[in-house]
Novice: 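Sharing a structure here in structure tokens format.
Indexing begins at 1, ligand by ligand and atom by atom, following the structure's order. Hydrogens, waters and symmetry mates play no part in the numbers below; they use all other heavy atoms, side chains included.
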Amino acid sequence: MTTRRPVYLDFNATTPVDKRVLAAMLPYFSEDFGNAASATHAFGRQALASVNHARQQIASLINARPNEIIFTSGATESDNIALLGVAEPYAHKGDHIITCVTEHKAILDSAKRLEKLGKRVTYLPVDAFGQVDLDQLRQAITPQTILISIMAANNEIGTVAPLREIGRIAREHGVIFHTDAAQYAGHLPLDVEALNIDLLSISAHKLYGPKGIGALYVRRENPRVDVSPVIFGGGHEQGIRSGTLNVPAIVGFGAAAEWCQAELEEEAARLRGYCARILDELSRHIEGVELNGHPTQRLPHNLNITIRGTSSSDFIALLDDVALSAGSACNAANPNPSHVICALGFGTERALSSLRLSVGRTTTLEDVDYAIGRIIEASRILQLVPA
Ligand SMILES: Cc1ncc(COP(=O)(O)O)c(C=O)c1O
């Protein structure tokens, strides 16, 4: 098989819609176009049945109940609802939330907004691997703490959080636990019951579904969690997220979740192997290659490396036929060093020379070997290895 060019190694930014997912979606644009809220006739009822099927498929991916899945426009909106939406219903209990410095901007900017509204926010630091310290988390909890929001997996360095321990601590203290699982869901097993997760953000376009659709899982039992809306209107999605449901996207999201669940184990092993191969080969041929993030507690499909003494922008300029990134997609236009890599404590230089390579369902071994070759070639040009 010949390698397609450019080789796409940016699956943490977005994934292609799987062809099986696209096929499931297509009838819903024109033939089965009903409004899922128009249950007085067959068109609406059919749309509603399809939405409910998707709800089941997504609930199954995270071991939730279908009525706990609230459709949103993506993980950004889910994160906004999770943070801003707990402030009002839990104001009688307190005004303090805990999050972490390496979160996605959808969390950090929502937290800043809460601060503007007079709430208090603790931003926990992370260790050199990108994980929060559990003792620091325990110490940060006060009787006024209403929410802990710690991401399941970091979008830049791939580090996975100790979700089980965080969930246990949150539950012991009666604090709501939200996790941004945009990068994690569909790639590693996820069980909101076993992990004591109360709120969870998912995005379809990170798991081979379409863009512009996501979900917020909201625990409805043991204990019931309440969130107030940030968008108001017709009362869709139990009043948490008004707006006519995007049925084709929801159907695609459901199908994508089901395929991810079915293929998760095999795919994780394959992609983990690809990342290990890239790291081994680059370390063998180029001096000063360092892994960013946790060596084992990490996403199977993400690799973030620093090549000491280089700048990521020089690399990216040379690698015009390999699509990779210097940081997160949302920060790609931002010349500032990544707040995530800076938070690991190695200085800004390491952040400015970091590269994120992420593999996925359509990646082949040929793609991987081609990219390895091109990165080694680029380092030769940048005079890092003898010609
Ligand atoms: C960790 C994390 N949270 C939130 C988002 C935002 O997701 P969406 O694009 O669905 O709004 C992303 C996507 O870049 C992400 O990686």
Novice: Output yes when E290 and R308 qualify as a salt bridge under the 4.0 Å nitrogen-oxygen rule, no when they do not.
Specialist: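 Yes, charged N to carboxylate O under 4.0 Å.
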Novice: Nearest heavy-atom pair of Y8 and T14: which atoms, and what distance?
Specialist: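 So the minimum-distance heavy-atom pair works out to OH-O, 2.7 Å.
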Novice: Of the options R113, K112, K105, which is the one that meets D109 in a salt bridge (Lys or Arg N to Asp or Glu O under 4.0 Å)?
Specialist: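 Only one of R113, K112, K105 forms a salt bridge (Lys or Arg N to Asp or Glu O under 4.0 Å) with D109, namely K112.
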Novice: Please classify the K211 to ligand 1 contact at 4.0 Å (heavy-atom distances, strictly less than): side chain, backbone, both or neither.
Specialist: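 It is neither; nothing of K211 touches ligand 1.
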Novice: Residue-level breakdown please: for A182 versus ligand 1, do any non-hydrogen atoms fall below 4.0 Å on the side chain, on the backbone, on both, or on neither?
Specialist: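 Under 4.0 Å from ligand 1, A182 contributes side-chain atoms alone.
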Novice: For a quick test of your reading: what N or O donor-acceptor pairs under 3.5 Å do the side chains of residues 229-241 make, sequence neighbours left out?
Specialist:
| unit_1 | atom_1 | unit_2 | atom_2 | d |
| --- | --- | --- | --- | --- |
| H236 | ND1 | G243 | N | 2.9 |
| E237 | OE1 | R55 | NH1 | 2.9 |
| E237 | OE1 | F71 | N | 2.7 |
| E237 | OE2 | R55 | NH2 | 2.9 |
| Q238 | OE1 | R220 | NE | 3.3 |
| Q238 | OE1 | R220 | NH2 | 3.1 |
| Q238 | NE2 | N67 | O | 2.7 |
| R241 | NE | E77 | OE1 | 3.4 |
| R241 | NE | E77 | OE2 | 2.6 |
| R241 | NH2 | E77 | OE1 | 2.9 |

Novice: Looking only at heavy atoms, is any part of D180 under 4.0 Å from ligand 1, and if so is it the side chain, the backbone, or both, or is it neither?
Specialist: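 The answer is the side chain.
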Novice: If you measure from each non-hydrogen atom of K206 to ligand 1, which part falls under 4.0 Å: side chain, backbone, both or neither?
Specialist: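 Side chain only; the backbone of K206 stays clear of ligand 1.
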Novice: Counting both backbone and side chain atoms, is some N or O of S203 under 3.5 Å from an N or O of ligand 1?
Specialist: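 Among all N and O atoms of S203, at least one is under 3.5 Å from an N or O of ligand 1.
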Novice: State plainly whether the residues D95 and K119 are in salt-bridge range, i.e. N to O under 4.0 Å.
Specialist: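 Not counted as a salt bridge, because no side-chain N and carboxylate O are separated by less than 4.0 Å.
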Novice: N/O of A75 under 3.5 Å from N/O of ligand 1, yes or no?
Specialist: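 Yes; at least one N/O pair falls below 3.5 Å.
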Novice: Look at ligand 1 and say whether E103 reaches it with a heavy atom at a distance under 4.0 Å.
Specialist: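 Checking ligand 1 against E103, which is what was asked, there is no heavy-atom contact under 4.0 Å.
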Novice: Non-hydrogen atoms of H205 versus ligand 1: any pair closer than 4.0 Å?
Specialist: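 The answer is yes, since H205 has a heavy atom less than 4.0 Å from ligand 1.
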